[in-house]
Every structure is written in C-alpha cells, then in structure tokens.
Amino acid sequence: MKNTRILRTRVPETTHKVVEAIARQQQLTESAWLRRLIETTLQSSGAIPQCIEGKDEEPRQARLMVRLLPDDRALLSARAGVRGIPAAT
C-alpha cells in the first residue's frame, strides 16, 4: 500500500454502529468495508476503470509456503471469496 492516502470522515454514532455491524457481518474491518464501498461507487459511476488496484505495487521479495489440508484450503478460499480478496495465509 505504498501509494495510498488516508481518507477520514466523521459520522453520527448511529451511522457508525450500523457500519460497524455490517463490516463485522462481512468479516471486514470498518476501514476495509469503507474502502470497498468507495471503490465500488467510483467504479460504478465510471470515475475509475475496473481493475487499476495493484498495478503500482512491486512483487514481494520474501515468500513463505504453507501446506494446507484440502478442507482448510476450501475454508480459506470461501472466506476470501466473501471478503472479495485473494486467498492467502
């Protein structure tokens, strides 16, 4: 997340509680939920192209391999799919 900036806002307490509940239901942090909402809104409005995220990032130099049992791999993939992110450990 090298080329990112922080975006902040204040909302009423009731709004914050709703966002917190929705994010928890989707197994996301409030920040990740808000980022997804902003990206989806910008993409649907045509303000930004569909797949621009990650083009500026360099590949990671250090990698760690982990063997997973088939059931664990299926669970990992399912959770990542719900969150809309690649499956990783």
Side-chain angles (χ1 to χ4, degrees):
M1 301 214 141
K2 187 162 70 170
N3 297 321
T4 60
R5 301 283 307 258
I6 296 175
L7 181 64
R8 293 182 255 193
T9 187
R10 292 187 181 271
V11 294
E13 185 176 350
T14 53
T15 303
H16 184 266
K17 286 183 179 185
V18 171
V19 168
E20 184 179 36
I22 293 170
R24 190 178 325 111
Q25 180 184 15
Q26 296 179 7
Q27 298 180 341
L28 297 170
T29 63
E30 295 165 26
S31 182
W33 180 85
L34 184 58
R35 179 179 177 166
R36 181 185 287 177
L37 177 67
I38 291 170
E39 289 174 347
T40 303
T41 302
L42 291 174
Q43 288 173 355
S44 65
S45 71
I48 59 173
Q50 286 292 331
C51 294
I52 63 167
E53 186 176 323
K55 287 187 177 180
D56 296 345
E57 295 180 16
E58 297 177 20
R60 294 182 185 166
Q61 298 301 317
R63 298 211 182 259
L64 174 66
M65 300 295 281
V66 178
R67 289 187 180 196
L68 298 174
L69 296 172
D71 291 343
D72 292 333
R73 178 71 182 159
L75 182 60
L76 177 67
S77 295
R79 287 183 178 170
V82 168
R83 294 178 180 156
I85 58 174
T89 55

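For this chain, numbers begin at 1 and follow the sequence in order. Here the structure is a predicted model, which is why all the values come from computation and not from measurement.
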ILVMFWY network linking Ile85 to Leu37, side-chain heavy atoms under 4.5 angstrom:
no
Does a side-chain heavy-atom distance below 4.5 Å link Leu68 with Leu76?
yes
Inter-residue atom distance Ile38.CD1 - Gln43.CD, 0.5 Å rounding
12.0 Å
Taken in chain and number order and not counting sequence neighbours, the residues that satisfy side-chain contact (heavy atoms from CB on, under 4.5 Å) with Thr29 are Ser31, Ala32
Any pair counted as side-chain hydrogen bond (donor to acceptor under 3.5 Å, both in side chains), so long as it reaches residues 67-79, sequence neighbours left out
none
Mind checking whether Leu7 and Leu42 sit in one hydrophobic cluster, side chains of I, L, V, M, F, W, Y counted as touching below 4.5 Å?
yes
Taking only residues at least two apart or on different chains, which pairs with a member in residues 11-25 satisfy side-chain hydrogen bond (donor to acceptor under 3.5 Å, both in side chains)?
Glu13-Lys17, His16-Glu30
Taken in chain and number order and not counting sequence neighbours, the residues that satisfy side-chain contact (heavy atoms from CB on, under 4.5 Å) with Ala78 are none
In short, Ile22 meets Trp33 closest at the heavy-atom pair CG2-NE1, 3.3 Å
